[in-house]
Protein chains: 4
Amino acid sequence: MNVFFFIANAVPETCPADLGEKCGEDGEWEGEFFPGIPEIKYEGPSSKKPLAYKWYNAEEVILGKKMKDWLRFSVAFWHTFRGTGGDPFGAPTKSWPWEDGTNSIDMAKRRMRANFEFLNKLGVDRWCFHDRDIAPDGKTLEETNSNLDEVVALAKELQGDKIRPLWGTAQLFMHPRYMHGAATSSELGVYAYAAAQVKKAMEVTHYLGGENYVFWGGREGYQTLLNTDMERELDHLASFLEAAVAYKKKIGFNGTLLIEPKPQEPTKHQYDWDAATTLNFLRKYGLLGEFKLNIECNHATLSGHSCHHDIETARINGLLGNIDANTGDPQVGWDTDQFMTDIGEATMVMLSVIKNGGLAPGGFNFDAKLRRESTDVEDLFISHIGGMDTLARGLRNAAKLIEDGSLAELVRKRYSSFDTELGHQIEAGKADFEMLEKIAMEWGEPKVASAKQELAEMIFQSAL
Amino acid sequence: MNVFFFIANAVPETCPADLGEKCGEDGEWEGEFFPGIPEIKYEGPSSKKPLAYKWYNAEEVILGKKMKDWLRFSVAFWHTFRGTGGDPFGAPTKSWPWEDGTNSIDMAKRRMRANFEFLNKLGVDRWCFHDRDIAPDGKTLEETNSNLDEVVALAKELQGDKIRPLWGTAQLFMHPRYMHGAATSSELGVYAYAAAQVKKAMEVTHYLGGENYVFWGGREGYQTLLNTDMERELDHLASFLEAAVAYKKKIGFNGTLLIEPKPQEPTKHQYDWDAATTLNFLRKYGLLGEFKLNIECNHATLSGHSCHHDIETARINGLLGNIDANTGDPQVGWDTDQFMTDIGEATMVMLSVIKNGGLAPGGFNFDAKLRRESTDVEDLFISHIGGMDTLARGLRNAAKLIEDGSLAELVRKRYSSFDTELGHQIEAGKADFEMLEKIAMEWGEPKVASAKQELAEMIFQSAL
Amino acid sequence: MNVFFFIANAVPETCPADLGEKCGEDGEWEGEFFPGIPEIKYEGPSSKKPLAYKWYNAEEVILGKKMKDWLRFSVAFWHTFRGTGGDPFGAPTKSWPWEDGTNSIDMAKRRMRANFEFLNKLGVDRWCFHDRDIAPDGKTLEETNSNLDEVVALAKELQGDKIRPLWGTAQLFMHPRYMHGAATSSELGVYAYAAAQVKKAMEVTHYLGGENYVFWGGREGYQTLLNTDMERELDHLASFLEAAVAYKKKIGFNGTLLIEPKPQEPTKHQYDWDAATTLNFLRKYGLLGEFKLNIECNHATLSGHSCHHDIETARINGLLGNIDANTGDPQVGWDTDQFMTDIGEATMVMLSVIKNGGLAPGGFNFDAKLRRESTDVEDLFISHIGGMDTLARGLRNAAKLIEDGSLAELVRKRYSSFDTELGHQIEAGKADFEMLEKIAMEWGEPKVASAKQELAEMIFQSAL
Amino acid sequence: MNVFFFIANAVPETCPADLGEKCGEDGEWEGEFFPGIPEIKYEGPSSKKPLAYKWYNAEEVILGKKMKDWLRFSVAFWHTFRGTGGDPFGAPTKSWPWEDGTNSIDMAKRRMRANFEFLNKLGVDRWCFHDRDIAPDGKTLEETNSNLDEVVALAKELQGDKIRPLWGTAQLFMHPRYMHGAATSSELGVYAYAAAQVKKAMEVTHYLGGENYVFWGGREGYQTLLNTDMERELDHLASFLEAAVAYKKKIGFNGTLLIEPKPQEPTKHQYDWDAATTLNFLRKYGLLGEFKLNIECNHATLSGHSCHHDIETARINGLLGNIDANTGDPQVGWDTDQFMTDIGEATMVMLSVIKNGGLAPGGFNFDAKLRRESTDVEDLFISHIGGMDTLARGLRNAAKLIEDGSLAELVRKRYSSFDTELGHQIEAGKADFEMLEKIAMEWGEPKVASAKQELAEMIFQSAL
């Protein structure tokens, strides 16, 4: 049938914060946002409580490092506090009690307080945000920036000593001005506007002690090549990123700049299609040393790869910087941003992360959202607990595999013919075709061993 | 990254109908909505004018029937007059001059006037609508119905003698009450509400002289089987459709009831997955004689079939009732609802339609929308002209193929071994395995001719 | 690049059975085929031995039934004993010691002996076969049938009291005569030949005590609609199946007839696309009472469904007859026929099987093959053990979920508004639109509860 | 069901060259291979003859160049002369009269003669081959090389002055020794063997006057990451290609080295996934100046891109070297290697080729095959004529679009805000964020024009 959006038609009455006694006169929310929800504690795998960790035990040491340091979890402000449940065929479904139906600064601050209560109750020390998630647009860019400053000041205060942004970013895709792209827009004025917005978002991230800054180019792509000058657009994107690097240095921001690949949606084709495509872009424009990658599992699968593949591609190129921990539906052709629940997938992800020596200063950001039909406040907690436990279980499984050693040994043995003098010569680029032909003729038909895939799968499953 | 919808944050200032002199005191729009746009005329293939038909010549006779009678075009009110350009990552982009940013009844009426000017300028006699497209929700169902009546009365007047709805339908997917489905909702109250809404929509369609009524079950499906009783939901859907049939008869509505298959989106799995799935459902519940199918090309391709395949599946089961004429992107896994531009596809579609003796009382509804980035008023015309010309060109090509006859002859010859006494016996179910074994042994190894696919493709292309 | 098959060019020297002392003078293999492989025993989850069951304990009772009776495993003769490792770009890779490079009757018998040693060592009581897997073609159909009889007689002897075919089938897709289909071929002679072949395969299956007979229509479909009369082909298919039913009754074969859906490959479109499509076909032609479905997981996912979905579709239509237990690669668009290793998927499959009261007289056939690169004899065992343990683990998990009860309770509660008088009225088809409208108006806006998907996923994962 | 290959079971009797009078005593074929087929001539679009060109007129000048020089067609020896019609579920179907069922050198030579008659009758001057297509394996590499030399000598003679290989390549994927890859095999002996084979294939291509040499890494990838050291395999691939470059220079071969991307099949993941992935690899290992890309349309679509996209990606990176002209099925997830028949696709491809100034020394290789069911000798001609006419029609359409100019003008205008002083500053990397922020604040909300996609599509279609 059809995709459309007539909002005013179908949006439910917004839910006023009707817990009257909890609202001060000036609209300040008093008391808890999640009054029925305790601090989430580790209770072990036998617990049946939804609101408890069964596998994630923050302080427990695994392979020499605390779980919280391997996992460095982060809550995504946009999904958790700005997700409405709307979809291309449906109006918002969420009516959180603290929302008053406005996009005022007061509302923005109240929401920020809810965010920090949420982080504290979950026991998570990091959060991620877009500029436009946390503060409302003003009538001018100056006013918008000033709104942002006001909310950011509160966030800084609420962060205290412990909590920091894992990363910040600029929302360069929702406003209609960005419909043709931001850095790759056909309109120069939009390019400039985007630059101003990234400048400010970077400043704000720096001010809050953010450890990374992310570029996700949701509109940096095309809908049809018929009306597109792809080459010129890519040149503009490179100029933009160069300017971002320069500005980062200028303000002394030491966080990592991350690019987040995605193949398509909302555009038909997005320039940062996957890890390899993004790496090609960075190499072509001499930007390789300045960026790392933020791999999102659901984006990897949309581009035709397993999540594990794109993480490994980033890792072996030395550029695995962060993971957006979510999962897609294998039968669905769009971004579903579900919380990860597959233990096998989580185990593979954690094998790569351990090989990478962890992700710091990156981490695992839950770029994942409640299903549209999950409308209870407690669902926000259940979903995060489920996602955290899944990755914690993956970490435990990966550690088991590594301690057992037989999977690594199977791989090592497969390549052992290269752990020889001749192998080293080949790997050093010193074996030319004439020499190799001579060897091939001398040796005759080579012996080729079984790849033992089913055995590898059996060993892998035994750790789950 | 993420799918979210914070609307107030990003919606542009709505565009007030600032052509002051065209607005009467009471908000009635005076004069033309599309002042720069002439009536669209046929100028033939050599015309370079965007605002002219190159292939669609309404009164021209092709294979014994006027083009307008083969094609029976319809404009979809929702895309054309309620499409905002919003997408899962972006706010609305369209600011039509006649929109005042409200969802009032006055606005609804003004929009309806624009619709009829649009139909008249295009020279199209049919339109399609959802109840909620054309009139705003009220505070109660009674008020909502009364709003609908008020706008429908105007539509009836504007229709005059010539224009009629190709079909009407009820919007049972956008409001949050329908988040678990309408007829298949887990909540009985929602089932009842949906019934009331369909009852009214059917009455209204009947009143306007609509020729068909459509069921598209956008939320009739599931997000996960873990929380779903699929069997019970399907039983409910059947009860609902039975009641719809009974009500149709009661009110004397003689239009065709159409079911529109779609595999998924917004749900992970939709019960009317494709033509064959829907046929199975209709047969299982004894509803076969009461419904036909509305095949949408973009839905067919999302379900893994060519559009031509699903049209043929409907046709050979005697249930091809209507076509939602649009197209998807072959590399994209969601519903893009683009206007059809592929001449080859259009030719195949028209071959089926001609075999079906046309579609009446169904037709071709343009369930297609402007790209989000197409924001000029004239783009509304250009897109419809492009879609109409594509199908008109398809009709001309199909007629050429039929008149030439060599493609049909190629097919006939392939099966000619069944045009024999033994063939007829087999087709009559009178050839048992013992008899066939005897033949097989007598005849020895059968001769098998080339399928001539490349020749068939060459003949087909020669007509384009 | 390209798909091609020049076989003689690349096939390796076939591996003669060079363990000379094990071959008698007349080419009869003496002693064991798998001399290093013991009978596979259950050792429990802590075992590290590849050649032991960790989860499958045949005699252990789960939910009132022995594991072996829930699971009814079967080995697929074709993959295990005729799989060569060839693929569209590669020559065979397997060189089993008992193969002598011929397709003689002697070789066929030797292979059959290997099959039974394999079954006995695995502790599996069922096997599946195509007619052409187990015996070579002769120069005429009579000679071919006589070859088949000779090998079948040996199989009957080797089966003893315990082992039986889960099902047999006719190979109607490999020989070039079937290139346009078998029952749907455009050539009448091919239709007759196919009938003769199915007649014989059914007789042979009956003779061996087979419990089911399968129809997989690998070539019953089309490559392009341009040269195809789909309607006529489907009519022919129905005539063919009617004749098969008649013949089954005539010879007193009481096994179940099973149709195995697959969407495509080798054809572009196969008529038995998925469970729902096949059900529609059976209903249309009045064949519903005579057939059940054999759902293959890899086929389900190729058709855009989860395996669980297609199993449930068959189950709620009362037609779940058998499962071909394999799995595909979620990023790959063709049939990979891998052994199932995903514990979550296996748990969902087993939940359906338990709801179905088991599968008997059907079972789980391992329509799965070693990867091309797995070339050790022991890999045949490792892969089957892995597949059996995965399903056994799924059974244990499903039993845990059922005994725990909270997932079922979550579902029951979701629909509880229908467990009322009004709900029963609706379900009995006694609630008309007028009555429902009245209720909707009285009740006002319905309350809609959270779907609790994340909680359902958490409960599900806790059982893994 | 299943993918398997028992060849001897189902291969039809090979077709002896039974046209006795045409075979000399020594097995040399006398007279024509295609006695009923004339030289194919241009007859123009109104011709109804299958064996005539309707759009391809070799000597006609389009945009200043002869059609034959824009198109530089090539016949793929493997599909046309070694394609058997086998598929994963089916035995060979082709029985060309000149085939005697052997893989002898005599047969290889006869086939080569057929190839040149085919080229001459089509009026095509180029051909492509793998080493193992044209000559049989021997017992040793030396013998294999000597077989190759013998057939190549004949090919050289038959080429005369006019015909040359567009490219040659080594078949490194069919033999079981390559099951784990060639340059990326886990076995050093296989790496050496592959080097020897490429060395020889390069020599032979050079000897025949080949203009390019292609690397398609069909097995250079993985089936599962569980048993794979991806980093090490990629390092080996780079060493291998470096050695190839060195050897090319050593022997004075001036042809272009081409890499042909493909995402998967036969492997689950192939290292040269798409154009961008391959470019990243070339850049990483410093190989950029030494290789160009051979883009295959069906590979592009399997990797999730349009063919046009991957061609443009290669072009704007300066590396568009050759096109393998075929097409896939949009609903099918594997490589179908069909002849291109879509006029729209061909027009887009030709727009890129014209922008590239043509493809020389590359061209269009028909890496496309007859459908398995097309078994007449004339089908070989019909398919090539169809493919050539489709591209010729694409060239004519592209020329129309370029001469008309309105599509290019639409694109130019979209970006015109960058054709300003400030635009040039941005493009020169001289606009920093502070400067841009100042501009953004001064300018206020930027104006954003419609993308005019539907108009672009209308203009495009008008040229078809």
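So you know, we letter chains A, B, ... as the sequences are listed, proteins then strands, and number each from 1.
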K.L.:
Could you tell me whether the side chain of D:I343 reaches within less than 4.5 Å of the side chain of B:L464, counting heavy atoms only?
P.N.:
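Result yes, sub-4.5 Å side-chain heavy-atom pair found.
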K.L.:
Against chain D, label B:D404 side chain, backbone, both or neither, depending on which of its atoms sit under 4.5 Å from a heavy atom there.
P.N.:
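Side chain only.
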K.L.:
How far apart are the closest heavy atoms of D:I385 and B:M458, and which atoms are they?
P.N.:
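The pair with the smallest heavy-atom distance is CG2-CE, 3.8 Å.
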K.L.:
Is it true that the side chains of B:T341 and D:E457 contain a donor and an acceptor less than 3.5 Å apart?
P.N.:
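No donor-acceptor contact under 3.5 Å links the two side chains.
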K.L.:
Measuring only between side-chain heavy atoms, which start at C-beta, is D:D342 closer than 4.5 Å to B:D342?
P.N.:
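SC-SC contact between D:D342 and B:D342 confirmed.
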K.L.:
Please check this pair: side chain of D:E454 against backbone of B:R371, looking for a donor-acceptor N/O pair closer than 3.5 Å.
P.N.:
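Yes, because the side chain of D:E454 sits within donor-acceptor range (under 3.5 Å) of the backbone of B:R371.
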K.L.:
Mind checking the CD-CZ spacing from B:Q453 to D:F339? Nearest 0.5 Å is all I need.
P.N.:
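CZ of D:F339 is found 11.5 Å from CD of B:Q453.
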K.L.:
Quick check for you: among D:S462, D:S406, D:G386, D:S306, which has the greatest number of heavy-atom pairs under 4.5 Å with chain B?
P.N.:
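Top option by heavy-atom pairs under 4.5 Å: D:S306.
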K.L.:
Is it true that atom NZ of D:K447 has more than 12 heavy atoms of other residues, nucleotides or ligands lying nearer than 6.0 Å?
P.N.:
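For D:K447, atom NZ is not crowded (no more than 12 foreign heavy atoms under 6.0 Å).
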K.L.:
Heavy-atom cut-off 4.5 Å, strictly under: side chain, backbone, both or neither for D:S47 against chain B?
P.N.:
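No part of it gets close to chain B.
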K.L.:
For a quick test of reading the model, state the closest non-hydrogen atom pair linking D:S374 to B:S450 and the distance between them.
P.N.:
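Shortest heavy-atom contact: CA-OG, 3.4 Å.
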K.L.:
Using a 6.0 Å cut-off, check whether atom NZ of B:K48 has over 12 heavy atoms from anything other than its own residue.
P.N.:
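No, the 6.0 Å shell around NZ holds no more than 12 heavy atoms from other groups.
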K.L.:
If I measure from the heavy atoms of chain D, does B:K452 come under 4.5 Å with its side chain, its backbone, both, or neither?
P.N.:
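Both the backbone and the side chain of B:K452 come within 4.5 Å of chain D.
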K.L.:
Please look at D:H305 and chain B and tell me whether the side chain, the backbone, both or neither of the residue comes under 4.5 angstrom of a heavy atom of that chain.
P.N.:
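For D:H305, backbone heavy atoms alone lie under 4.5 Å from chain B.
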K.L.:
Examine whether an atom of B:T390 lies under 4.5 Å from a heavy atom of chain D, and if so say whether it belongs to the side chain, the backbone or both; otherwise answer neither.
P.N.:
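Both backbone and side chain.
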K.L.:
Under 4.5 Å heavy-atom distance to chain D, tell me which part of B:Q338 shows up: side chain, backbone, both or neither.
P.N.:
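For B:Q338, side-chain heavy atoms alone lie under 4.5 Å from chain D.
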K.L.:
Taking the side chain as every heavy atom from C-beta outward, state whether D:Q461 and B:R393 have any atom pair closer than 4.5 Å.
P.N.:
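Yes - at least one pair of side-chain heavy atoms lies under 4.5 Å apart.
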K.L.:
So what's closer than 4.5 Å to chain B heavy atoms on D:R372: side chain, backbone, both or neither?
P.N.:
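For D:R372, there is no contact with chain B at all, as no heavy atom is under 4.5 Å.
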K.L.:
Of the listed residues (D:P50, D:G387, D:P330, D:G344), which shares the most heavy-atom pairs with chain B below a 4.5 Å separation?
P.N.:
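Most heavy-atom pairs under 4.5 Å with chain B: D:P50.
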K.L.:
Side chain, backbone, both or neither: which part of D:L370 has an atom under 4.5 Å from a heavy atom of chain B?
P.N.:
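Contact with chain B is through both the backbone and side chain of D:L370.
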K.L.:
Can you tell me which portion of D:D329 sits under 4.5 Å from chain B's heavy atoms? Options are side chain, backbone, both or neither.
P.N.:
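No part of D:D329 comes within 4.5 Å of chain B.
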K.L.:
First locate atom OG of D:S303, then atom CD of B:Q331, and finally report the distance between them rounded to the nearest 0.5 Å.
P.N.:
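Between atom OG of D:S303 and atom CD of B:Q331 there are 8.5 Å.
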